[in-house]
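What follows is one structure encoded as structure tokens, with my remarks underneath.
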Amino acid sequence: MCGIIGYIGERQVLPVLLEGLRRLEYRGYDSAGVVFLEDGKINIIKVKGRVFDLEEKIFSELPKNPKSPGLGHTRWATHGEPSDENAHPHFDCKEMLAVVHNGIIENYYELKKELQERGHKFNSATDTEVIVHLVEDFINQGLDLKIAFFSALKRLKGAYAIGLISKENPEFIMVARNLSPVVIGLGEGENFLASDIPALLPFTKKVLFLNDGEVAILSKDKVEIFDLEGNRVKRDPVIITWDLASAEKGGFPHFLLKEIYEQPEAIKHTLLGRVDLDKRDIDFSKEGLEKEFLEDVEKIFIVACGTSYHAGLVAKYLIENNLKIPVEVDLASEFRYRSPLINSKTLFIAVSQSGETADTLAGLRLAKKMGAKILSICNVLGSTIARESEVVLYTQAGPEISVASTKAFVTQVLIFILFTLYLKKLFYKENEKREKLEALIKLPSVLEKFTKEVHSEVKKIAKKWYNVGNCLYLGRNILYPIALEGALKLKEISYIHAEGYAAGEMKHGPIALIEEDFPTVILAAKETGIIYEKTLSNAEEVKSRRGPIIAFVSENSEEFKKLSDDFVGIPLTFYEFLPIFYVIPLQLFAYEMAVLRGCDVDKPRNLAKSVTVE
Ligand code: M6R
């Protein structure tokens with residue numbers, strides 16, 4: 001996720017910006033840059049690489065008299081691969097303005113076209129650059145900077161935290177927020193802005209939080225906040241009492257928990273620019289996924305490892321149910337050493353958070369050699385798998401720091417939901433029902449509430465079970481991959497032996513394990529009709545052997561309430577969204593069990609975040 005630091009005041013501007021950027025490094029980034037005033041002009045120094053590389057570059061260029069206001073940025077690429085040109089800050093045409101941005105401008109494509117037609121010259125492939133040209137365009141029309149800034153914001157759709165400085169108006173920094181965080185640090189005769197508290201902690205603990213749709217104007221001596229219509233907003237300062245370690249984790253004790261709680265936001269970002277409720281439309285064409293590319297596809301292979309493989313298994317149900325195209329899902333390490341039947345009518349989909357997993361990459365190269373069309377679902381822009389694919393659909397989950405994957409998984413599932421609905425529209429001319437799209441748009445807010453509520457329930461249950469040695473996870477149909485994912489989460493972070501199984505397979509072996517101190521986690525959703533009934537029978541089989549049951553089941557299931565030892569109710573939803581609703585409590589369950597066992601939750605033993613060797 002991009003990081004922003006900004007400063008206006010009498011201190012040496014570069015040390016403040018660099019210190020702020022170092023404090024934001026934990027968020028993950030691929031390039032870094034700063035902008036400041038120097039002898040009546042604006043100077044930008046930026047580089048692909050680390051903050052350390054930026055420091056070296058600054059040192060080699062030795063700016064003569066750097067002054068505030070200044071802005072710094074660490075970039076996590078979303079539009080345009082990591083490079084010096086795409087690093088922030090960005091100039092307008094005349095190098096009078098400079099901008100840094102965190103978020104995604106959903107309508108950047110249309111805006112860029114429009115601005116180019118009016119003669120604006122772009123130097124990067126980013127969505128961000130449209131912001132500064134748009135402000136410039138309004139200034140060209142005779143507006144002053146402040147009004148131009150407000151006017152530009154009204155044209156932007158999407159998520160943004162923006163900092164903008166001007167050569168002509170060095171007495172203030174313009175700041176705006178919509179869906180991406182901004183915090184303002186208050187000092188004596190100086191003020192700061194940042195995307196996150198850790199960047200401010202070396203300088204001040206007194207902060208103001210901006211809300212969505214608000215603008216702040218920072219000068220040395222004051223901070224003014226407005227809504228988009230220019231009305232003043234009053235905001236009281238807050239004193240931060242966190243230390244640096246907890247500030248990096250946003251006040252959460254672990255990155256894993258922070259990332260579980262970030263899932264609603266990750267979903268919101270992944271939906272941006274892809275779903276239009278008014279037109280009841282889902283669109284991937286701007287990302288290169290067009291009808292011609294898919295037209296003669298007769299079979300789909302989905303290849304991935306670990307959690308990403310489980311997202312692939314979910315996709316099999318979604319795609320086969322809706323599109324009637326056969327789907328094979330393979331573990332990449334198996335796929336690459338068998339003889340898959342692939343030809344030019346095969347669509348190969350690689351799923352990878354990192355985009356660097358060695359086996360998945362090898363599978364992709366094999367499929368490419370055999371003539372398949374290559375699509376990938378990745379979280380890291382410009383990663384090897386993304387670069388080697390014909391089409392990439394990015395999950396906009398932001399960097400995942402904890403080794404155990406959570407928000408990447410839910411956004412992978414979300415991409416598969418959108419992919420299925422998009423193909424339904426392309427090939428069957430079926431626009432999705434308005435209610436389903438509305439539910440899709442509301443997912444982030446519904447899940448935010450659900451995560452909080454279910455967390456406290458799951459915490460109590462974990463206290464009861466954290467000493468067990470084994471745990472069986474059962475699910476059927478679209479919840480079978482979620483049983484696998486729940487078991488993977490538990491084993492990798494709590495080191496409890498856990499197995500995920502298709503509930504109907506239980507009698508073919510695992511039933512022999514059932515005894516009084518061997519809990520079975522059962523997933524069942526009323527939305528699945530007969531499958532729910534079948535899972536209930538499997539639960540009876542466990543119970544009649546005195547096996548304890550921890551049920552994650554539809555909230556209106558009286559049967560499971562009676563049968564289970566512990567019951568967690570899951571809200572009713574559309575079939576497609578079940579995996580997302582059911583995986584969240586399982587992630588929290590694994591997390592709480594691991595914490596109670598004293599495990600290193602964010603860095604489980606023997607595991608690496610990105611497995612780049614076979
Ligand atoms: O980066 P990828 O999605 O390709 O990584 C695949 C697996 O290594 C990864 O999902 C792993 O299983 C995680 N530790 C699961 O939490």
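Note that ligands are numbered from 1 as they come in the structure, with each ligand's atoms numbered from 1 the same way.
Near ligand 1, residues Cys305, Gly306, Thr307, Ser308, Ser352, Gln353, Ser354, Thr357, Val403, Ala404, Ser405, Lys489, Glu492 each place a heavy atom inside the 4.0 Å sphere around the ligand atoms.
A side-chain donor-acceptor contact under 3.5 Å links Asn470 and His497. Checked by atom type, the side-chain pair Asn379/Thr395 shows a donor-acceptor distance below 3.5 Å.
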Using distance only, find each side-chain donor-acceptor pair of residues 369-376 under 3.5 Å and give its atom names and separation, not counting sequence neighbours.
| unit_1 | atom_1 | unit_2 | atom_2 | d |
| --- | --- | --- | --- | --- |
| Lys373 | NZ | Phe293 | O | 3.2 |
| Lys373 | NZ | Asp296 | OD1 | 3.1 |
| Ser376 | OG | Ser389 | OG | 2.9 |

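Residue Glu262 is tested with Lys407, Lys249, Lys268 for a salt bridge (Lys or Arg N to Asp or Glu O under 4.0 Å); the sole match is Lys407.
Applying the ring pair (Phe, Tyr, Trp, His ring centres under 6.0 Å) test to pairs two or more places apart or on separate chains, none has a residue in residues 351-409.
Partners of Phe581 under the ring-ring contact (aromatic ring centres under 6.0 Å, His included) rule, at least two apart in sequence or in another chain, are Phe450.
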